[in-house]
Protein chains: 2
Amino acid sequence: MPSASDHHSLYVLIRKLESIATLSTEERQAILSLPAKTRVLPPRQDIVRDGDKPSQCCLLLDGWACRYKLLSQGRRQILSFHVPGDIPDLQSLHLHTMDHSLGTLTEATIAFIPHESLRELTARFPGLAAILWRDTLIDAAIFREWMVGLGRRSASERIAHVFCEMYLKLEAVGLAGDHRCPLPITQTDLGDALGLSNVHVNRVLQEMRGKGLITLRGSALVIEAWDELNRVSEFDPTYLHLEKRAAG
Amino acid sequence: MPSASDHHSLYVLIRKLESIATLSTEERQAILSLPAKTRVLPPRQDIVRDGDKPSQCCLLLDGWACRYKLLSQGRRQILSFHVPGDIPDLQSLHLHTMDHSLGTLTEATIAFIPHESLRELTARFPGLAAILWRDTLIDAAIFREWMVGLGRRSASERIAHVFCEMYLKLEAVGLAGDHRCPLPITQTDLGDALGLSNVHVNRVLQEMRGKGLITLRGSALVIEAWDELNRVSEFDPTYLHLEKRAAG
DNA sequence: CGGACAATTGATCTACCTCAAAATTGGTGG
DNA sequence: CCACCAATTTTGAGGTAGATCAATTGTCCG
């Protein structure tokens with residue numbers, strides 16, 4: 001039973017927050033009345049840069065984005081992938097200087113919400129403040145899991161693990177199902193997220209395809225052997241701290 | 001001019017929070033009146049385990065601790081090092097199931113503070129809630145920086161980087177100075193934190209000693225060439241989000 | 001003085017990297 | 001509908017940072 005709010009652009013945020021917590025009617029209302037300026041950005045465009053001192057947060061309405069840091073000699077580490085409903089720079093509410101950059105991966109629609117409005121929201125609704133805090137804590141939990149991968153997992157384990165993670169994150173907000181999900185990123189992006197070269201990513205992907213674990217064509221990932229992929233990557237979804245499934 | 005509070009065991013927490021934010025007199029008072037049960041634990045003892053659902057937070061009063069995850073075949077990834085003043089499991093306030101373990105590295109004195117008391121505190125003092133939130137965000141910022149190291153830095157860059165980081169963190173709470181700091185961890189621990197084998201850590205350390213970059217004996221690290229260490233590891237302390245120096 | 005743990009050394013191995021070229025894909029304009 | 005371009009994927013060949021395994025030495029401390 002779709003309600004009017006389904007057509008509100010900020011509804012994606014409610015859907016996201018409801019995947020990790022429970023919202024009251026007033027809290028939902030308050031979110032929908034947040035002011036937001038929406039813009040469409042092309043692929044591979046920076047949204048906020050390392051060193052910036054933003055006065056607003058970015059809510060991803062459509063498309064994918066990532067956070068990353070650059071080192072010398074063109075080395076890049078992608079820190080996280082973001083999908084509709086995410087506020088990838090929520091931490092800027094309390095950390096005033098960006099210590100990394102945020103950019104689009106695909107064409108993306110982004111709503112900018114002033115810090116001021118979010119501060120008012122959290123002051124009026126301490127429960128929402130706790131939920132947003134929780135969101136940033138889940139962010140950190142995902143960082144921890146990636147650290148485990150980067151430090152101690154083999155290339156194939158890392159790739160399998162991130163596929164399981166992305167699928168569950170997307171499924172939780174109704175953007176994936178049936179072990180299929182969009183994956184609109186290049187093998188180079190994947191390598192920069194997992195600390196691997198694009199060449200090696202390519203070889204491991206071929207091996208995974210060969211074993212019938214996945215199908216990956218264009219921007220569509222199909223996990224053909226969910227249990228097996230979970231097993232080889234020792235995937236345990238606890239760290240995603242998902243509350244429940246989105247209705248869709 | 002030392003005040004009575006200097007001798008209160010919870011003073012280490014105030015000192016820590018003042019390294020990343022400013023506290024009002026009332027907020028300081030409120031922190032000092034938190035209830036806490038103190039215990040002394042031996043080295044290499046778990047405090048909280050992966051999967052636990054704790055009802056209290058641990059404030060490290062003395063000694064070092066670390067967070068870590070275990071994988072099959074004895075693989076271990078250390079996620080963070082913690083020093084007096086840290087609350088390594090503050091996230092448990094809003095993430096009810098532990099997705100990693102927390103254990104001592106040295107003998108450690110720990111104050112356990114009930115979640116309930118922390119919830120009351122944050123409800124009465126939204127400013128303190130914001131500071132604690134900020135603390136967890138800085139935690140996440142450090143995770144991000146470690147991800148960069150694990151994914152894209154060489155072994156020597158990683159080691160140099162973590163030395164710079166630990167020194168600044170300790171200096172900020174008055175536990176280090178003059179480019180000297182305690183480092184009561186084994187080379188195996190260091191390897192498990194940096195995604196390296198203990199053997200390789202050992203070889204890189206020898207190389208660093210040979211170049212006159214550091215002195216490391218027993219549990220004492222001296223950074224002999226601060227600028228050089230910063231340069232080779234591309235260390236930029238922004239991500240620590242330190243507010244100011246502790247008075248000492 | 002002995003026992004346990006940590007650091008060190010040596011030898012060998014390998015997962016993954018780098019560089020460079022070729023093949024494929026998807027989008028675009030004619 | 002096709003030809004074309006740029007981006008991405010794929011393949012090949014060779015190289016290396018760091019792993020593994022197995023001693024040996026050093027250190028701390030009761």
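Proteins come first, then strands; the chains are lettered A, B, ... in the order of their sequence lines, and each starts at number 1.
The only option from E234(B), E157(B), R152(B) that meets the side chain to side chain donor-acceptor pair (under 3.5 Å) definition with S72(A) turns out to be E234(B).
Separating the CG atom of L190(A) from the C1' atom of dC16(C) is a distance of 15 Å, rounded to the nearest angstrom. Rounded to a whole Å, the CD atom of E207(A) is 15 Å from the C1' atom of dT10(D). Taking atom CG on L105(B) and atom P on dC5(C), their separation rounds to 16 Å, with Å as the unit. Rounded to whole Å, atom P of dA7(D) lies 19 Å from atom CD1 of I185(A). If you measure from atom CG of L205(B) to atom C1' of dA6(C), you get 13 Å, rounded to the nearest angstrom. The CD-C1' distance, from E157(A) to dC16(C), rounds to 14 Å in whole Å.
Contact check, Q206(B) against dA7(C): no side-chain N or O comes under 4.0 Å of OP1 or OP2. Checking the phosphate oxygens (OP1, OP2) of dA7(C), no side-chain nitrogen or oxygen of N202(B) falls inside 4.0 Å. Dashed line: the shortest gap from a side-chain N or O of R209(A) to OP1 or OP2 of dT10(D) is under 4.0 Å.
The number of heavy-atom neighbours closer than 6.0 Å to CZ of R209(A), taken from other residues, nucleotides and ligands shown, is above 12. When the shell of 6.0 Å around CZ of R75(A) is examined, it contains more than 12 heavy atoms from other residues, nucleotides or ligands.
Using modelled atom types, one side-chain atom of R15(A) and one backbone atom of V173(A) make a donor-acceptor pair closer than 3.5 Å. Within the 3.5 Å criterion, the main-chain N or O of D189(A) finds a donor-acceptor partner in the side chain of T186(A).
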Go along nucleotides 16-21 of chain D 5' to 3' and tag each nucleotide: B for a protein heavy atom under 4.0 Å from its base, S when only backbone or sugar atoms are that close, - otherwise. --BSBB

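Counting only heavy atoms from C-beta on, R44(A) has its side chain closest to dT8(D) among dT8(D), dG26(C), dT9(D).
Taking the six-membered ring where the residue is Trp, F235(A) and W226(A) present perpendicular rings, their angle passing 60° and hence far from 30°.
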